[in-house]
Amino acid sequence: MSERRKPYPFDQFEPKWQRIWDERQLFHAPNPGEQNFNPARPKFYVLDMFPYPSGAGLHVGHPEGYTATDIIARYKRMRGFSVLHPMGWDAFGLPAEQYAIKTGQHPAATTRENVARFKSQLRGIGFSYDWQREINTTDPEYYKWTQWIFLQIYDSWFNPETQRAEPIATYRGADPDSVRLAYVADVPVNWCPELGTVLANEEVVDGKSEVGGFPVVRRPMRQWMLRITAYAERLIDELDRLDWPESIKLLQRNWIGKSEGAEIEFKIAAGERRSTGIRVFTTRPDTLYGATYLVLAPEHPLVEEIAAKERRTSVREYREQAARKSELERTELAKEKTGVFTGAFAINPASGEKIPIWIADYVLLGYGTGAIMGVPAHDERDLEFARKYGLRIAEVVQPLNGEPATGFVGEGRAVNSAVIEGLPTAEAKKKITAWLAERGLGRGAIKYKLRDWLFSRQRYWGEPFPIIWENGKHRAVTDHELPVTAPDLNDFKPTGTGEPPLAKARDWIRYSETAARETNTMPQWAGSCWYYLRFCDPRNAQRFVGEEAERYWMGRAGPPGAPTAGSDGLPGGVDLYVGGTEHAVLHLLYARFWHKVLFDLGYLSTPEPFQRLVNQGIILGEDGQKMSKSRGNVVNPDEVIDAYGADAFRCYEMFMGPLEQMKPWSMRGVEGVSRFLARVWRLFMDETQAAAWELSPRIQEIAPEKAQGKVVHATIKKVTEDIESLSFNTAISQMMVFVNAFTNAAVVPVSAMRTLLLLLNPFAPHITSELWEKMGAKFPILPPEITSHPWPKYNEALLVEDEVELIVQVNGKLRDKFRASLEATEEELKSAALALPKIQQLVAGKEIRKVIIVRKKLVNIVLAS
RNA sequence: GCCGAUGUGGCGAAAUGGCAGACGCAACGGACUUAAAAUCCGUUCUCGCUAACGCGGGGUAUGGGUUCGAAUCCCAUCAUCGGCACCA
């Protein structure tokens, strides 16, 4: 045997138990109405962010969150919950398509192989997923419903009166296409020539593609958009009742970026071409008197109209130059502001002053009204711009602490501002806004940074749009034509012109004599926007999720009769959702948006998808660096499991430190945890002469000693509480303490050992199942499967000591300790402490000013100084 | 630049107003062994005093504050990580 001897025979029993769980389908959770459904059990929905099955297989980062949720799932089952714990595949996406371009292998084939690999790896770790609920976003039976949901969005509009999505039929306006939640627009998009596709803003980092790091340029193209901005207010407001990390909520709030201010109309000065005027947005209407110029975004539609003849050329040049700039150049060149004067003037509605109108690319068309009033005295950007181009600077806010007014952007007192003279900023804002509104010159307004969601991609490996074009107009395919499957291609290359690869499939595009199919596909986010709903009812052929199943699994957790979703202010949904922070804004915002649309349309019972969210921290390589192929510090879970077993792998992942923290991998650490499990094994099993294992005769049906009983119950308490708070690392520490306490005992009680196995089972399900079975052969117990045994309860009475050790401090410094009865009065404790020889020495000859007594903890004697 | 998180032994960490360093790793010493591995037992924040049992001082990024008492609460500074970055 060249192979290192295993400290315990995990290689024999781990596959055995994985097979048994599979055969007996122990982790299948029946839906309401199905066989074995027990309505008395409260439900618990614990979900992982499902992976993209890449060619590289699992890395050790995936199983971190997965192990945490698996522990919760197994624990909740033992606590009598009906647990929904599913897994699936987010399998559309760019890597499979790029691999196809390189090798000609169909993405479907690559995906199939990768899924098989991922699945066998996940099984090898012993996760208790309900595999009957496995889903795959690339399965036509799945994306049929992704397309169906898209059509619900397409067929809806957001009614501002009710603040809800409604069927488009309820819209009374002339042009329903202008208000649909899914609409077509010619928008400047992030075109990546290298990838041959358009990217969402979120997929562009520093002017380069997030995938591959290729340059990205702006270019106008016809695209499908989803009107997520309609939900901006609700997406902010309804964060409040979610149990999410505050930092993630903040990230979402900042991403949505709500600003309150006012829109103000500036008339174009006489003598120029007539126009209605220019509308600007500002959060500081109180600085209106300080507005000494206006700036329009270069792409602003009014620019053509107002530009003075003699300025046309320079204006046109500047606009072309701005349009040519890629995002990258714009950010890189952002160091210095540029702009040109249009030759036109506007009238400041408050001061009546005639002020010049400029264009500059520091003003963005996509935000606010695409135009600003320049208030150089009280805005850093405007100040920089005004100084560069010699524009007038007018101070209109007086700082309260005597700072110089120019460049002051905080709140102060209005000056040189007739209507609001002397008012503090907050009041000045209100008054000037009202003053403008009375005169029809402005109004209070709220703007968001959030943009509508660019929803189309020029790719092959994604959901085709269920849309037909005829005579230049789009319409939905009928429901019974779903799913719209993509044609088989042997060439997946982008056309390079911006036309999607699907454009190559001439027959497929042709829908009728006069109608053609949409050739764009949906982005990868689409499938993950609603997968948690499909898990509730994955084989339903009639509906994207059955109503009863949705109500049951997405409702509030708790026994029958407990508050229903929304009734106590908590939105309900998935009870625990664990995944990485990288999805803090995108996936989580998109999913919330789709969920709300479906909720508004009456398809769902809860307003939010995920009640509680937890982010696991990143696992670094042994060198403390981010794991990456190029650094060569990637840890492969298969190798770890080979050497130490799945249980050791799981326990180590949890023992490393707090779940949410970033932490480095350590093989030595795995070894330590493996040693712990080996000690558990040897607590039960003795090795025979023939190198076989047999149940140790030390294990007997006896009552635990008092000290042992205390450890047992302290451990039940700590492990239970720690699992509830996801403090898995300290739960394992406590079980180590437990095992250390029994390691050298001559005899060990069966009851204590059963408790240990139950507590350890969610963490190390294989070894505990095996030992439970081995022990059951000699000391039978029902049920025979540990996984269906109830969770142990602790007896508080056994934890209470009748005597406690108290510490004695003098002036807050630890000086001595003594034992005292729990019943001792404060007076008794005080005199006992003062009677200690050491304390007497320290106190001798000094005045005792005060004695502080904390029950069961300490006596602190404070001396006069 | 703005926002957020984190900072504790040689290392992963624990303690969230009351004994700093539980538990694990590593290191060192011992037992078992012909030997090694494995296993079991012990030591390990730091400085000073003591022949020794011990005793005392200091210590949770840095500086200040609140408190009888601070790793924990407050203020400032520094460092690391993450997000946003002309959003008017």
Side-chain angles (χ1 to χ4, degrees), chain A residues 4-5 7 206 245-251 253-255 257-259 261 280-284 287 291 295 330-331 333-335 337 360-364 366-375 378-382 384-385 409 447-451 581-582 584-585 615 617-618 620 622 624 626 651-652 655-658 660-673 675-676 678-679 682 687 727 729-740 743-744 805-817 838 849-854 856-863:
Chain A
R4 203 168 64 88
R5 231 185 82 72
D206 290 335
E246 279 308 316
S247 58
I248 299 294
K249 291 192 193 179
L250 195 67
L251 239 43
R253 284 197 191 97
N254 290 344
W255 188 263
K258 178 177 180 174
S259 302
V280 305
F281 174 71
T282 178
T283 55
R284 292 296 298 271
T287 63
V295 188
R330 273 215 187 183
T331 39
L333 298 176
K335 285 162 204 150
K337 295 192 183 358
D361 67 2
Y362 84 92
V363 174
L364 309 173
Y367 181 75
T369 60
I372 62 156
M373 59 183 203
V375 184
H378 307 292
D379 182 286
E380 280 173 36
R381 297 153 301 184
D382 296 345
E384 189 195 329
F385 192 75
V409 297
K447 299 287 174 193
Y448 303 91
K449 280 201 296 191
L450 184 70
R451 310 292 164 84
T581 335
E582 65 272 22
V585 276
N615 293 117
I618 296 171
L620 305 171
E622 298 227 35
K626 219 174 199 158
C651 288
Y652 175 66
F655 187 64
M656 291 171 81
E660 283 151 286
Q661 199 170 298
M662 182 189 295
K663 44 210 177 279
W665 186 267
S666 154
M667 276 305 174
R668 300 273 199 186
V670 186
E671 224 169 287
V673 172
R675 272 203 281 271
F676 159 67
R679 282 156 74 104
R682 289 195 311 269
E687 195 166 18
S727 308
N729 55 330
T730 49
I732 293 171
S733 293
Q734 180 62 34
M735 289 188 278
M736 287 173 168
V737 170
F738 182 114
V739 171
N740 290 347
T743 290
N744 288 313
E805 190 176 59
L806 289 100
I807 61 168
V808 184
Q809 297 178 331
V810 175
N811 288 339
K813 286 197 177 174
L814 175 69
R815 294 302 178 187
D816 207 351
K817 302 170 189 184
K838 217 188 256 178
R849 194 144 56 98
K850 203 186 310 181
V851 176
I852 288 155
I853 293 169
V854 181
K856 296 191 215 172
K857 293 249 156 129
L858 61 76
V859 178
N860 185 10
I861 296 156
V862 186
L863 301 176

Contacts of A:M656 and A:T743 projected onto RNA chain B by closest heavy atom; the upstream (5') one is A:M656
Hey, which sits more toward the 5' end of RNA chain B by its nearest nucleotide, A:G370 or A:V862?
A:V862
Using 4.0 Å as the upper bound for N to carboxylate O, is an ion pair formed by A:E671 and A:R668?
no
Sticking with atom [atom1], work out how far [N] lies from [M], rounded to a whole angstrom.
{"N": "B:C75", "M": "B:A27", "atom1": "P", "value": "44 Å"}
{"N": "B:C78", "M": "B:C68", "atom1": "P", "value": "32 Å"}
{"N": "B:A13", "M": "B:G65", "atom1": "C1'", "value": "30 Å"}
{"N": "B:U6", "M": "B:G12", "atom1": "C1'", "value": "16 Å"}
{"N": "B:U80", "M": "B:A22", "atom1": "C1'", "value": "27 Å"}
{"N": "B:C23", "M": "B:C45", "atom1": "P", "value": "13 Å"}
{"N": "B:U66", "M": "B:C74", "atom1": "P", "value": "15 Å"}
{"N": "B:G9", "M": "B:C86", "atom1": "P", "value": "39 Å"}

Counting the atoms with a prime plus P, OP1 and OP2 as sugar-phosphate, which does [X] contact under 4.0 Å by heavy atoms, base, sugar-phosphate, or nothing?
{"X": "A:M735", "answer": "nothing"}
{"X": "A:V854", "answer": "base"}
{"X": "A:S666", "answer": "nothing"}
{"X": "A:G672", "answer": "sugar-phosphate"}
{"X": "A:K249", "answer": "nothing"}
{"X": "A:S259", "answer": "sugar-phosphate"}
{"X": "A:E805", "answer": "base"}
{"X": "A:D382", "answer": "nothing"}
{"X": "A:I852", "answer": "base"}

Now, which nucleotide makes the Watson-Crick or G-U wobble pair with [N], with each of the two distances under 3.5 Å?
{"N": "B:A37", "value": "none"}
{"N": "B:U6", "value": "B:A79"}
{"N": "B:A27", "value": "B:U43"}
{"N": "B:C32", "value": "none"}
{"N": "B:G1", "value": "B:C84"}
{"N": "B:A15", "value": "none"}
{"N": "B:G69", "value": "none"}

[X] has a side chain; which of [options] sits nearest to it?
{"X": "A:K337", "options": "B:C86, B:G69, B:A88", "value": "B:C86"}
{"X": "A:I807", "options": "B:A14, B:C19, B:G83", "value": "B:C19"}
{"X": "A:K838", "options": "B:G12, B:C3, B:C55", "value": "B:C55"}
{"X": "A:W255", "options": "B:U39, B:C84, B:A13", "value": "B:C84"}

Report yes if a side-chain nitrogen or oxygen of [X] is closer than 4.0 Å to either non-bridging phosphate oxygen (OP1 or OP2) of [N]; otherwise report no.
{"X": "A:R253", "N": "B:C3", "answer": "no"}
{"X": "A:R675", "N": "B:A38", "answer": "no"}
{"X": "A:Y367", "N": "B:A88", "answer": "yes"}
{"X": "A:N744", "N": "B:C40", "answer": "no"}
{"X": "A:K850", "N": "B:C68", "answer": "yes"}
{"X": "A:Q661", "N": "B:G12", "answer": "no"}

So, for [X] and [Y], which heavy atoms are closest and what is the spacing to 0.1 Å?
{"X": "A:S733", "Y": "A:F655", "value": "OG-CE1, 3.6 Å"}
{"X": "A:Y367", "Y": "A:S259", "value": "OH-OG, 3.3 Å"}
{"X": "A:V585", "Y": "A:L251", "value": "CG1-O, 3.7 Å"}

Nucleotide [N], atom [atom2] - distance to [atom1] of [X] in whole Å:
{"X": "A:E671", "N": "B:G24", "atom1": "CD", "atom2": "P", "answer": "15 Å"}
{"X": "A:K449", "N": "B:A85", "atom1": "NZ", "atom2": "C1'", "answer": "8 Å"}
{"X": "A:R668", "N": "B:G10", "atom1": "CZ", "atom2": "P", "answer": "19 Å"}
{"X": "A:L858", "N": "B:A70", "atom1": "CG", "atom2": "P", "answer": "12 Å"}
{"X": "A:N615", "N": "B:G82", "atom1": "CG", "atom2": "C1'", "answer": "11 Å"}
{"X": "A:N254", "N": "B:G83", "atom1": "CG", "atom2": "P", "answer": "14 Å"}
{"X": "A:F655", "N": "B:A22", "atom1": "CZ", "atom2": "P", "answer": "12 Å"}
{"X": "A:R815", "N": "B:G54", "atom1": "CZ", "atom2": "P", "answer": "18 Å"}

Under the 3.5 Å rule, do the base of [N] and the side chain of [X] count as making a donor-acceptor pair?
{"X": "A:K817", "N": "B:C19", "result": "yes"}
{"X": "A:Q809", "N": "B:G18", "result": "yes"}
{"X": "A:K857", "N": "B:C19", "result": "no"}
{"X": "A:S733", "N": "B:A22", "result": "yes"}

Look at the aromatic rings of A:W665 and A:Y652 and report parallel, tilted or perpendicular, splitting at 30° and 60°.
perpendicular
Where the chi angle of B:G9 falls, syn if within 90° of 0 and anti if not
syn
Measuring only between side-chain heavy atoms, which start at C-beta, is A:D379 closer than 4.5 Å to A:F385?
no
Please evaluate residues A:R253 and A:K249 with respect to the criterion side chain to side chain contact (heavy atoms under 4.5 Å, CB included), reporting the C-alpha separation (whole Å), side-chain torsions for both, the decisive distance (0.1 Å), and the verdict.
CA-CA 6 Å; A:R253 284 197 191 97; A:K249 291 192 193 179; 3.8 Å; yes
Give the intermediate values and the outcome of side chain to side chain contact (heavy atoms under 4.5 Å, CB included) for residues A:V851 and A:V862.
CA-CA 6 Å; A:V851 176; A:V862 186; over 6 Å; no
Whether over 12 other heavy atoms sit under 6.0 Å from A:E660 CD:
yes
Would you say A:R284's side chain and A:V409's backbone share a donor-acceptor pair under 3.5 angstrom?
yes
